[in-house]
Amino acid sequence: MTRDGRLTGYLAPVDLAHELRDELAAAGVKLARRPLDRLVLSADPPIGAAWAANVWHDVEEIRVTSIGHAAKELRERQRNWAMYSPLHSGRAKLIAEKLPHVSAKPIEIGDVVPDAPLGSFALLEPNLLLAATRCTSPFPNGEARLVEDRDGPPSRAYLKLYEAFVRLRRWPTPDETCLDLGASPGGWTWLLAQTGAAVTAIDKAPLAADVARLPRVRWREGSAFALDPADHPPVDWVCSDIICYPRRLLGLVQRWIDAGTARHLICTIKFQGLTDHGVVREFAAVPGARVLHLHHNKHELTFFWSRPGA
Ligand SMILES: C[S@@+](CC[C@H](N)C(=O)[O-])C[C@H]1O[C@@H](n2cnc3c(N)ncnc32)[C@H](O)[C@@H]1O
């Protein structure tokens, strides 16, 4: 059981509840009650679930007598709350209306996540709240809102890298270098170029002409697997959106880490068919790594790693 017998809540991304359920089952996490749609609860010790859009820690059950009372109980705990309430949603909305406003302003390129804690609540019964002050996502229900550019990038794939930098609370700077592996048609390269950093894009396919023309962008034709990280000059950011088997990507990631030539890695782990939860755990077990499902990921996860002290 968790501290004080409290529950942990795992909120699945839209359409990916099966992945979260399978991941929890593979890790031996038992569910404590029937799921509240995408939210599952467990009394077992929390795990770092990659397929969770948000994890609610130390979920409290709070008996209330009215909507006003529920809002008061939440306000007394902290300022910012997000509602996820598939049950009694009309009543939960009335509670949310009595809470302080949480800014939903989309985040711009170069910005990072707000650091004020954001709690989550649901109604289990009309007068029974579930509430967690500590959640893993800084966004309401994990839903990051970003300012989209509909003209510059040739694809919407750049949004997942954008969200990754926001979550990392760090962006490339003009004095830094980036390698974009599997770069075509160039959404990620476009985003990296917006930061002023120098970008080398690697792909068998070319970049869209407008991206290839951007200052400090260079395209090299070839396979990312043909590069030897040990022979590569130091590079600040290695980003990969290559379509390949997760285990092949894990080998590539390990080679970059072992070579010591990269400061940060951000890679998309893509899945086809049945998900190999074992390989996800291997990615997550890399010292200094995190594996998250970002709001802009599809059937894929994002791997983050930074060299110690980088
Ligand atoms: C999902 S797309 C990348 C989209 C890109 N991030 C963007 O924002 O436009 C995947 C790319 O990986 C490339 N690719 C596949 N295998 C590769 C390899 N071994 N080395 C480099 N690129 C590879 C494909 O040619 C394809 O262009």
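Since we're looking at a predicted model, the values are computed, not measured. Atoms within each ligand, like the ligands themselves, are counted from 1 in listed order. For the numbers below, each heavy atom of this structure counts, side chains included, while hydrogens, waters and symmetry mates do not.
Here Ala183 has backbone heavy atoms under 4.0 Å from ligand 1, and that is the only part of it that gets that close.
Shown in contact with Ser155 at under 4.0 Å from a heavy atom are these atoms of ligand 1, numbered in order with element: 7 (C), 8 (O), 9 (O). Every atom of ligand 1 with a heavy atom of Ala157 under 4.0 Å away is listed here by number and element: 7 (C), 8 (O).
Where the criterion is an N or O separation shorter than 3.5 Å, residue side chain and backbone included, Arg248 fails it with respect to ligand 1. By the 3.5 Å distance cut-off applied to N or O atoms, Asp203 is counted among the residues near ligand 1. For a threshold of 3.5 Å applied to N or O pairs, the pair formed by Lys270 and ligand 1 contains no separation below that value. Backbone and side-chain nitrogen or oxygen atoms of Phe225 are examined, and none is located within less than 3.5 angstrom of a nitrogen or oxygen of ligand 1. Where the criterion is an N or O separation shorter than 3.5 Å, residue side chain and backbone included, Gly186 meets it with respect to ligand 1.
Salt bridge status for Glu125 with Arg91: absent, with no side-chain N to carboxylate O gap under 4.0 Å.
Other residues, nucleotides and ligands place no more than 12 heavy atoms under 6.0 Å from the CD atom of Gln272.
Protein heavy atom closest to atom 17 (C) of ligand 1, with residue, atom name and distance, is Ile242 CG2, 3.6 Å. Among protein heavy atoms, the minimum distance from atom 10 (C) of ligand 1 is reached at Asp241 O, 3.4 Å. The shortest contact between atom 21 (C) of ligand 1 and any protein heavy atom is with Ala224 N, 3.5 Å. Counting only heavy atoms of the protein, atom 8 (O) of ligand 1 lies nearest to Trp188 N, 2.9 Å.
In this structure, a donor-acceptor pair under 3.5 Å is absent between the side chains of Thr133 and Gln78.
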message: What verdict does the salt bridge (charged side-chain N to carboxylate O under 4.0 Å, His left out) test give for Glu97 and Lys93, after you've listed the backbone C-alpha separation in whole Å, the side-chain angles of each residue and the deciding distance to 0.1 Å?
response: CA-CA 6 Å; Glu97 280 166 15; Lys93 271 189 204 127; over 6 Å; no
- request: Let me see the working for Thr268 and Glu300 under side-chain hydrogen bond (donor to acceptor under 3.5 Å, both in side chains), right down to the final yes or no.
  value: CA-CA 7 Å; Thr268 314; Glu300 55 194 16; 5.4 Å; no
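Within the structure, ligand 1 lacks Pro153 among the residues with a heavy atom less than 4.0 angstrom away.
Ring pair His277/Trp51 is perpendicular by interplanar angle, where above 60° counts as perpendicular and below 30° as parallel.
A ring-ring contact (aromatic ring centres under 6.0 Å, His included) with His264 is found for one member of Phe303, Trp237, Trp171, Phe165 and no other, namely Trp237.
The hydrophobic cluster around Val102 extends to Leu118, counting ILVMFWY residues whose side-chain heavy atoms fall within less than 4.5 Å of a member.
A donor-acceptor pair under 3.5 Å is absent between the side-chain atoms of Tyr10 and the main chain of Ser42, judged by distance alone.
Nearest residue to atom 18 (C) of ligand 1 from Ser223, Gly182, Ala226 is Ser223 (criterion: closest heavy atom). Closest heavy-atom approach to atom 4 (C) of ligand 1 among the candidates Gly187, Ala208, Ala205, Ser184: Ser184.
Scanning for side-chain contact (heavy atoms from CB on, under 4.5 Å) contacts around Arg79 gives Pro100, with sequence neighbours left out.
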